[in-house]
Structures are given as C-alpha cells and as structure tokens.
Amino acid sequence: MLTFPITLFGGAATATRVFEGITAGTASGTNFTFSSVALGTDEGTSLVVVIVYVWSTGNDVTIQATSTIDGSAATIHAQAQGKDPVGTRTATVGVLSRATSSTTGTIVIDNSASNQGAAIAVYRLNNLTSATPDATATAISAASGTPASPISST
C-alpha cells in the first residue's frame, strides 16, 4: 500500500485528499501533454498526485522518469503493466507525484514506446506531515497475462 504520512494528533490541520478530475489524451503517440490541468489549491505540506493510465496494442509501454508535473520532474512511485492472454493489448498504470503550489499546470507523460492512448486522474493531498512517502515501488511488473503489483503491504 502506498501511504503518505499524515498528522494524527496535535494542533495541525487534518490531511485531506481532493479529486481534481480526469483528462483523456486525444491521440495516439509516444508522449502526451495535458495542458491547463486543475491541480487544486495547496494547504500546508501538499502534493499533486497523478494516476496515469496508458494502453497499447502490442507494445510494452512504461512510464518514463522524464514525465513532469507543472514543469518539473515527477516522482514515479509505482507502475504495473499487464497484457491480455493473447498479448495484443497492454495496459500500464502508474502513480506519480510532485510538490507544487500552482493551481493549474501542464502534465507531460513520457512513455517508452508508441501507444494508443493515455488518461490521467489528478488528486491534491493537503496538510501532510511530510511530502516524502513512507514507501515507494518503481519496479515494473512483468508484462505477462496477469500483472503483479510492485507495491507490497510493507
């Protein structure tokens, strides 16, 4: 489970998660640029978290470390990849984050190979104890029939 530390006691504000929206890519290609994306309003220690979905017809696609949120490198926390049983469809899902105070910005998703499309879901996490996650997993699960999550319960 990917967790971010939150304040559980004391006078600090309670951590919150705000769903900002889903945006789909408009064309196939290797990389996708999502412009004027709502990033929400930061409160206290804050992160923008982006859930990325990429799908392809045969290419094994991974999300690259050159992906950016609001103009700077995003941290890739996890990604998992899988194929359907006959190997003609590949899906990759990733979790990226970055600290920024901007309320809107551009999100660029760089991929390792050409794909059919991408979509992003954006969240703002506010009032965190720290912007550093307790755990990350950047391993890619094998692209074989059933994906295995690279995230462990520890």
Pair Leu128-Leu47, side chain to side chain contact (heavy atoms under 4.5 Å, CB included): steps then yes or no: CA-CA 8 Å; Leu128 300 171; Leu47 284 174; 4.0 Å; yes

Chi angles and distances behind the side chain to side chain contact (heavy atoms under 4.5 Å, CB included) call for Thr103, Leu39: CA-CA 5 Å; Thr103 57; Leu39 303 178; 5.7 Å; no

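Side-chain atoms of Ser67 and Leu96, non-hydrogen and from C-beta on, do get closer than 4.5 Å to each other. Annotation: side chain of Thr33 is in contact with side chain of Ser35 (closest heavy-atom distance under 4.5 Å). Within the 4.5 Å cutoff, the side chain of Thr68 has no heavy atoms near those of the Ile107 side chain. Taking the side chain as every heavy atom from C-beta outward, Thr104 and Val37 never approach each other to under 4.5 Å. Side chains of Asn115 and Phe32 form a contact here, defined as non-hydrogen atoms less than 4.5 Å apart. Within the 4.5 Å cutoff, side-chain heavy atoms of Ile51 are placed close to those of Val93. Residues Ile109 and Ile63 are in side-chain contact: their nearest non-hydrogen atoms beyond the backbone lie under 4.5 Å apart.
In the hydrophobic clustering of this structure, Val108 does not group with Val122; members are Ile, Leu, Val, Met, Phe, Trp, Tyr whose side-chain heavy atoms approach within less than 4.5 Å, directly or through other members.
Put simply, the side chain of Gln79 never gets that close to the backbone of Val95: no donor and acceptor are under 3.5 Å apart. Not one N or O on the side chain of Arg124 forms a donor-acceptor pair closer than 3.5 Å with the backbone of Val18. With Asn127 contributing its side chain and Ala15 its backbone, the two residues share no donor-acceptor pair below 3.5 Å. Panel note: side chain Asn111, backbone Val54; no donor-acceptor pair is recorded below 3.5 Å.
The nearest pair of heavy atoms linking Ser112 to Asp60 is OG-O, 3.6 Å. The minimum heavy-atom distance between His77 and Ser97, with the atom names listed, is NE2-OG, 2.6 Å. Of all non-hydrogen atoms in Ser56 and Val61, the two that sit nearest each other are CB-CG2, 3.9 Å.
Between Arg98 and Asp70, at least one side-chain nitrogen of the basic residue sits less than 4.0 Å from a carboxylate oxygen of the acidic one, meeting the salt-bridge criterion.
Residues forming a side chain to side chain donor-acceptor pair (under 3.5 Å) with Thr45 (at least two apart in sequence, or on another chain): none. Considering only residues two or more places apart in sequence or on other chains, Phe34 meets the ring-ring contact (aromatic ring centres under 6.0 Å, His included) condition with none of them.
Counted by atom type alone, Gln64 and Thr62 present one or more donor-acceptor pairs between their side chains at under 3.5 Å. Using modelled atom types, one finds a donor on one side chain and an acceptor on the other under 3.5 Å when comparing Ser46 with Asn126.
Atoms OH and CD1, from Tyr53 and Ile120 in turn, are 10.5 Å apart once rounded to the nearest 0.5 Å.
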